[in-house]
Amino acid sequence: MGGDDAYKSVFFTSGAEAVENAVKIARAHTQRPGIIAFDGAFHGRTLLGVTLTGMSAPYKQNFGPFPGDIYRLPFPNPLHGISEVDCLKALDQLFAVQILPERVAAIIIEPVQGDGGFLPAGPAFMQALRRITAQHGILLICDEVQTGFGRTGKMFAFQHLDIKPDLVTLAKSLGGGLPISGVVGKAEIMDAPTPGGLGGTYGGNALACAAALAVLDLFEQDNLLQRSCQLGEQLNARLRQLADKYACIGDVRGVGFMQAVEILDFETGRPDAALTQKILDSACQEGLLLIKCGLHRNTIRFLAPLVTTDSQLEEALHIFDIALARATGRLG
């Protein structure tokens, strides 16, 4: 995370577990109850995780009631008319009518929303959040469970934004497929919980930690951050070519090798979940597995391994082109 401050880490098993413990650490340090999250956020499937998650389906239905003192803000989405200024005004409004800032422990945010649609938070917005949180003694938690470890071309997505969060949650790519997660933060914050307040049966187990160390070695040996940038440039360029070819692609966006296309009805400009599913089904029939995301499940995300070869990427995009043509009726 940089700087001369002392930092500490604590290890767990899943991303949701890291998020829940980051909330516990923030509340212990600030002695405040409130947590602010965002529409479209995904922070896990545990009870607190789904409460922080900003999507009703499929994550929340029939699982309530949910924990209290969780508040929500809109996330910037220029394609659908939600500006960064709108979101900051909503934060002012939240402070005015729902919870005073001195009662808020933390704001938790994905620097690039994952399941919410691969929406990047811009530098100006994140820097504004950093100023506001610092002003009011609120911790800023960056959830890097999906964005961390090179997905965006830097080790962590917040490094694109010229900010330093107070806490960072990690998982997924950290263990190269083995179950390990963690929370990293300044020592004075991490030390706030009393002894025994944090822990877990399998947290920081020897096998997963060995895998995580091997992952870090591979990043250095194989220049995976540079490779992520190269792959991201290639993928973004080809997706933009496809957007010029197919009117249903309303947006191409992402950071590094974390890219997505949003599928819209080209006549109405509205999210087209049905067409999105047809594209996914067509791609699957041709041998390419893709998944959807976004509030309306109309965004197709690309999150391939950083060791993907140029030929594999080209093959995947060729199949995606065929799938688009077939789903839109341009190929019989």
Side-chain angles (χ1 to χ4, degrees), residues 1 5-39 41-54 59-60 63-73 75 90-111 121 126 129-145 148 156 158 163-171 181-201 203-204:
M1 292 170 68
D5 297 306
Y7 289 87
K8 287 188 175 182
S9 303
V10 58
F11 295 112
F12 303 103
T13 308
S14 69
E17 199 177 357
V19 166
E20 293 219 5
N21 280 278
V23 169
K24 289 165 62 178
I25 292 166
R27 284 174 166 166
H29 175 73
T30 62
Q31 296 293 293
R32 302 173 180 182
I35 304 293
I36 297 173
F38 288 84
D39 294 344
F42 180 81
H43 296 296
R45 291 180 174 86
T46 55
L47 192 60
L48 180 58
V50 297
T51 306
L52 294 166
T53 291
Y59 305 115
K60 291 179 183 286
F63 295 145
F66 300 105
D69 283 312
I70 306 297
Y71 304 86
R72 196 165 304 286
L73 292 174
F75 192 90
L91 179 57
D92 287 339
Q93 182 74 358
L94 188 150
F95 286 156
V97 304
Q98 295 195 59
I99 184 171
L100 291 170
E102 56 263 31
R103 298 294 294 158
V104 176
I107 295 177
I108 184 167
I109 186 169
E110 300 160 276
M126 290 297 291
L129 282 184
R130 179 70 284 187
R131 288 193 299 270
I132 292 166
T133 52
Q135 176 187 350
H136 295 292
I138 299 168
L139 299 190
L140 181 63
I141 304 171
C142 280
D143 184 345
E144 296 256 12
V145 167
F156 302 108
F158 75 79
I163 63 161
K164 287 184 181 179
D166 297 297
L167 297 172
V168 178
T169 59
L170 314 169
S181 66
V183 183
V184 182
K186 290 183 179 180
E188 63 184 83
I189 297 173
M190 298 292 290
D191 286 340
T194 56
L198 305 179
T201 302

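Keep in mind that this is a model prediction, so the values were computed, not measured.
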Ion pair Asp166/Arg130, N-O distance below 4.0 Å: yes
Could you please spell out the steps behind the side chain to side chain contact (heavy atoms under 4.5 Å, CB included) verdict for Ile107 and Ile132? CA-CA 10 Å; Ile107 295 177; Ile132 292 166; 5.6 Å; no
Answer whether the closest heavy-atom distance between the side chains of Leu91 and Leu129 falls below 4.5 Å. yes
At their closest point, which heavy atom of Gly182 faces which heavy atom of Ala18, and how far apart are they? O-CB, 3.5 Å
At what distance, to the nearest 0.5 angstrom, does CG of Leu140 lie from OG1 of Thr133? 5.0 Å
Minimum heavy-atom separation for Met190 and Val183, please, with both atom names. CE-O, 3.4 Å
How many angstroms lie between CD in Gln31 and CZ in Arg103, if you round to the nearest 0.5 Å? 10.0 Å
Closest non-hydrogen atom pair, Ala16 against Gly44: CB-CA, 3.9 Å
List the atom of Ala105, the atom of Thr30, and the distance in Å for their closest heavy-atom pair. CB-OG1, 3.3 Å
CG on Leu52 to CD1 on Ile36, rounded to 0.5 Å: 11.5 Å
Could you check whether any side-chain N or O of Arg27 sits under 3.5 Å from a backbone N or O of Ala22, counting only pairs where one atom can act as donor and the other as acceptor? no
All ring pair (Phe, Tyr, Trp, His ring centres under 6.0 Å) counterparts of Phe12, not counting sequence neighbours: none
Any Ile109 side-chain heavy atom under 4.5 Å of Met126 side chain: yes
Applying side chain to side chain contact (heavy atoms under 4.5 Å, CB included) to Ile141 and Ile25, what does each step give before you reach the verdict? CA-CA 11 Å; Ile141 304 171; Ile25 292 166; over 6 Å; no
Give a yes or no on whether the backbone of Phe95 and the side-chain of Gln98 come within a donor-acceptor separation of less than 3.5 Å. no
Apply side chain to side chain contact (heavy atoms under 4.5 Å, CB included) to the pair Tyr7 and Lys186, showing each step before the final yes or no. CA-CA 4 Å; Tyr7 289 87; Lys186 290 183 179 180; 3.7 Å; yes
Interatomic spacing from CG in Leu198 to NZ in Lys24 - rounded to 0.5 Å: 5.5 Å
Apply side chain to side chain contact (heavy atoms under 4.5 Å, CB included) to the pair Glu110 and Val145, showing each step before the final yes or no. CA-CA 8 Å; Glu110 300 160 276; Val145 167; over 6 Å; no
Taking the side chain as everything from C-beta on, heavy atoms only, tell me whether Cys142 gets closer than 4.5 Å to Ile163. yes
Please find the pair of heavy atoms, one from Ser9 and one from Val184, that lie closest to each other, and give the distance. OG-CG2, 3.4 Å
Could you grab the distance from atom CG of Asp5 to atom NZ of Lys164, nearest 0.5 Å is fine? 7.0 Å
Would you say the side chain of Leu167 lies within less than 4.5 Å of the side chain of Ile189, judging by non-hydrogen atoms? yes
For Lys8 and Asp191, work out which heavy atoms get closest and say how close. NZ-OD1, 2.9 Å
Report yes if some heavy atom in the side chain of Asp143 is under 4.5 Å from a heavy atom in the side chain of Phe42; otherwise report no. no
Spatial distance of atom OH (Tyr71) from atom CD1 (Ile99) [nearest 0.5 Å]: 4.0 Å
Okay, side chain of Thr46, backbone of Gly49: is any donor-acceptor separation there less than 3.5 Å? yes
Residue from Ile138, Leu139, Asp69, Leu100 passing side-chain contact (heavy atoms from CB on, under 4.5 Å) with Arg32: Ile138
